[in-house]
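So the structure is just underneath, and the comments pick up after that.
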Amino acid sequence: PPHTASPACCSSRYGLAFLSCYGFFVAYALRVNLSVAMVDMLKNSSSANNSSSVCPHHSIPVPKHNHTASVYDWDSETQGWILGSFFYGYILTQIPGGYFARKYGAKWLFGIGILCTVIFTLLTPVAADLGAGYLIAVRVLEGIGEGVSYPAMHAMWASWAPPLERSRLLTISYTGAQLGTVVALPLSGQICFYLDWTYVFYIFGAVGLLWFFLWSCFVSNSPSSHKRITEAEKTYIMASLKNEVDYIPWTSILKSSPLWAIVVAHFSYNWTFYTLLTLLPTYMNDILGFSIQQNGMLSALPYLGCWLLALLGGQLADLLRERYLIRTVNVRKAFTIVGMVGPAVFLVAAGYTGCNYVLAVAFLSISSSLGGISASGFNINHLDIAPSYAGILLGITNSFATIPGMVGPVIARSLTKSNTIPEWQIVFYISAAINIFGAVFFTIFGKGTVQPWAVQ
C-alpha cells in the first residue's frame, strides 16, 4: 500500500487496544467471580468440602476464618439458574448492540454497557440477601449490559484497525477476556478466604469503576474525532480503511454462507469454552479432589495458556499475511483447525488420565490454550468478509454462540449426576465432537475476502 505504517509505540490505536483489553478484563472478571463465590455463599459448603471426591484429596486442611457474610440454602437447580441467568440477558443485546454501535457510536455503548455490569455487581450482595429471584434478576441485567461489549468493540475496530494490523490489535483487545478469567478465578478464592464472599463483588466493582473513568477520558469513536492522535497516524488509518456503507443488506447477510461458516465455528468453540468455564471448578473438586484455594489457581491455568497463545497467534497471523503474503482465507482456516481440533484431542485425553491429576490438569490446560489460536481464525473473520458490518455480524454469530452457555453446562450437569469419570468422559466426547464438526464446516465454507454485498 502507498501509505506507510504509522509506528505502533504510543499510538492511539494501541492505546485503544490496551484500554479495551482492560474493559474485557473487567467484563470477564465480573462474569466468572460468581462461580467461585458461590462455593462460599452456600450453607452446606463446609460439608461439601469434606465429601468424597473420586480421587484422593490433595487439599491441605486450612483454618476457616470467621466469616460474617450471610450464607444461603439454595438447591442445585436454583444454583444452576443463578449461574446460567447471566446468559439469558447476554443473548438479548447481541444484535441490537451491533446496530446501536453503528448508529450512536461504539465508545459510549461499550462504556455504559460495562458500567451497568459494574453497578449491578456492586448490588449483588444486597440482591442475594433479598432472595435468589433478585440475584437472578441482577445477573440477567448484568448480562444485558455486557451483551453489547463484543459487537460494540467489533464496530469500533471497523473504524480503527488497519487491515494488516487487524489480528494484532484485536487479539490484544479481546484477550482481556482470558486475562480477566485468569485473575478473577484465583483472586476470588483468596478474597473469599481472607475477607468474605461479598468483597469479591466490591473489589472487582471498584476496579470496573476505575476502568470506566479512563475509558471516558482517553477513547474516541473514530480517528477523526480523537483529540490526541497524530496527523500521521490519522492519515494512515483513514487511508487504509474503505468508506462506511449506510444501509444494512439484511437478506444478503443472512444468505451469506461465509457468515454461517463463522456461526457454526463460533457455536462449536463456545460449547467447550463455556462448559469448561462453568464446570471446571466442579470437576477439579468432585473428581480430582482439589480445595477451592488450589482450585482457583488450577482452574485459571487453562485461560492463562489461552491468553498467551491468542496473543502470539495474532502476531503470527499478521506476519504470515504481511511478510509471506499467505492468503487471508488460508491463515484463518489453518488457525481455526489448530485452535479447534487440538483442544478436542486433549479434552478427550484428559478424560482418560484417571487420578493422575498432574496429567489431567496439563491436558485440560493444553486443550484450552490451543483454543486461543482460533482467535486469529474464525473469530476475526467477520472483519475480513464485511468490515463495515463487523459489529452486526458479530452480534449475529455471538447470539448463536451464547446458546452453548445456556445449554452446555445444563446438559453436562445432567450427564454427570453420579460424578463418575466415565460420565465426565461422555461430556468431553460431546464437546470434542462439536468442536471438530465446527472446524470442518468452517474449512469448507469460510472465505477471507470482502463479500460482494459488503462493498459500496
Side-chain angles (χ1 to χ4, degrees), residues 12-32 86-87 89-122 141-161 166 169-181 204-205 207-229 237 241 244 375 379-380 382-383 387-399 401-402:
S12 298
R13 60 189 190 281
Y14 276 87
L16 174 65
F18 289 115
L19 266 178
S20 57
C21 174
Y22 179 10
F24 282 109
F25 172 92
V26 170
Y28 270 70
L30 301 183
R31 185 188 294 200
V32 303
F86 177 90
F87 295 105
Y90 189 68
I91 198 168
L92 293 176
T93 42
Q94 293 294 328
I95 293 173
Y99 176 73
F100 287 128
R102 277 175 59 93
K103 207 166 158 65
Y104 302 113
K107 172 186 174 173
W108 291 112
L109 189 67
F110 185 75
I112 290 168
I114 292 183
L115 180 66
C116 288
T117 312
V118 169
I119 291 167
F120 288 118
T121 297
L122 292 167
L141 289 166
E142 280 186 41
I144 288 175
E146 218 169 282
V148 300
S149 53
Y150 277 101
M153 208 56 229
H154 245 48
M156 187 85 141
W157 283 122
S159 36
W160 271 97
R166 216 169 255 162
L169 288 166
L170 269 81
T171 47
I172 292 173
S173 179
Y174 293 141
T175 48
Q178 278 91 31
L179 208 53
T181 310
F204 285 114
V207 172
L209 288 174
L210 172 66
W211 169 81
F212 181 73
F213 172 73
L214 295 171
W215 181 260
S216 311
C217 297
F218 296 109
V219 169
S220 301
N221 275 316
S222 63
S224 51
S225 63
H226 198 285
K227 292 184 187 65
R228 280 167 307 281
I229 191 170
I237 296 175
L241 293 170
E244 282 280 302
N379 220 346
I380 299 182
H382 313 82
L383 281 154
S388 312
Y389 305 114
I392 289 170
L393 297 196
L394 190 83
I396 295 169
T397 67
N398 221 2
S399 294
T402 302

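Everything quoted here is computed from the prediction, not taken from an experiment.
- At least one side-chain heavy atom of Met153 sits under 4.5 Å from a side-chain heavy atom of Leu16.
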Please table the atom pairs, donor to acceptor, closer than 3.5 Å between any side-chain atom in residues 169-178 and protein atoms at least two apart or in another chain.
from, atom 1, to, atom 2, distance (Å)
Thr171, OG1, Ser167, O, 2.7
Thr171, OG1, Arg168, O, 3.1
Ser173, OG, Ser20, OG, 2.8
Ser173, OG, Trp157, NE1, 3.3
Tyr174, OH, His154, N, 3.3
Tyr174, OH, His154, ND1, 2.5
Thr175, OG1, Thr171, O, 2.6
Thr175, OG1, Ile172, O, 3.1

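- Shortest non-hydrogen contact noted between Lys107 and Trp215 is O-NE1, 2.9 Å.
- Taking the six-membered ring where the residue is Trp, Phe110 and Trp211 present perpendicular rings, their angle passing 60° and hence far from 30°.
- Nearest heavy atoms, Ala152 versus Ala106: O-CB, 3.2 Å.
- The nearest pair of heavy atoms linking Ile95 to Ser399 is CG1-OG, 3.6 Å.
- Of all heavy-atom pairs spanning Gly145 and Cys116, the tightest one is CA-CB, 4.4 Å.
- The backbone N or O of Pro223 lies less than 3.5 Å from no partner atom in the side chain of Arg13, so there is not a single donor-acceptor pair.
- Taking the six-membered ring where tryptophan is involved, the planes of Tyr14 and Phe18 are tilted, since the angle between them lies from 30° to 60°.
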message = Could you go through Trp108 and Ser216, starting from their C-alpha distance and side-chain angles, then the distance that decides it, and tell me whether this counts as side-chain contact (heavy atoms from CB on, under 4.5 Å)?
response = CA-CA 8 Å; Trp108 291 112; Ser216 311; 3.8 Å; yes
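- With a 4.5 Å cut-off on side-chain heavy atoms, Ile114 and Phe212 do not count as touching.
- Atom CD of Glu146 sits about 3.5 Å away from atom CZ of Phe86, to the nearest 0.5 Å.
- We find the CG-CZ distance between Leu179 and Phe25 to be 6.0 Å, quoted to the nearest 0.5 Å.
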key: Working for side-chain contact (heavy atoms from CB on, under 4.5 Å), residues Phe120 and Leu30   = CA-CA 10 Å; Phe120 288 118; Leu30 301 183; over 6 Å; no
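- Between His226 and Ser12, the shortest heavy-atom contact is CE1-OG, 3.6 Å.
- Between the side chain of Arg166 and the backbone N or O of Ile380 there is no donor-acceptor pair closer than 3.5 Å.
- Between Leu141 and Thr117, every side-chain heavy-atom pair lies at or beyond the 4.5 Å cut-off.
- Side-chain atoms of Tyr22 and Val207, non-hydrogen and from C-beta on, do get closer than 4.5 Å to each other.
- Between Ser220 and Trp160, the closest heavy-atom pair is O-NE1, 3.2 Å.
- A distance-only check finds a donor-acceptor pair linking the side chain of Thr93 to the backbone of Ile144 [under 3.5 Å].
- Expressed to the nearest 0.5 Å, how far CZ of Phe204 lies from CG of Leu209 amounts to 14.0 Å.
- Tyr99 is not listed as a side-chain neighbour of Pro151, based on a closest heavy-atom distance of 4.5 Å or more.
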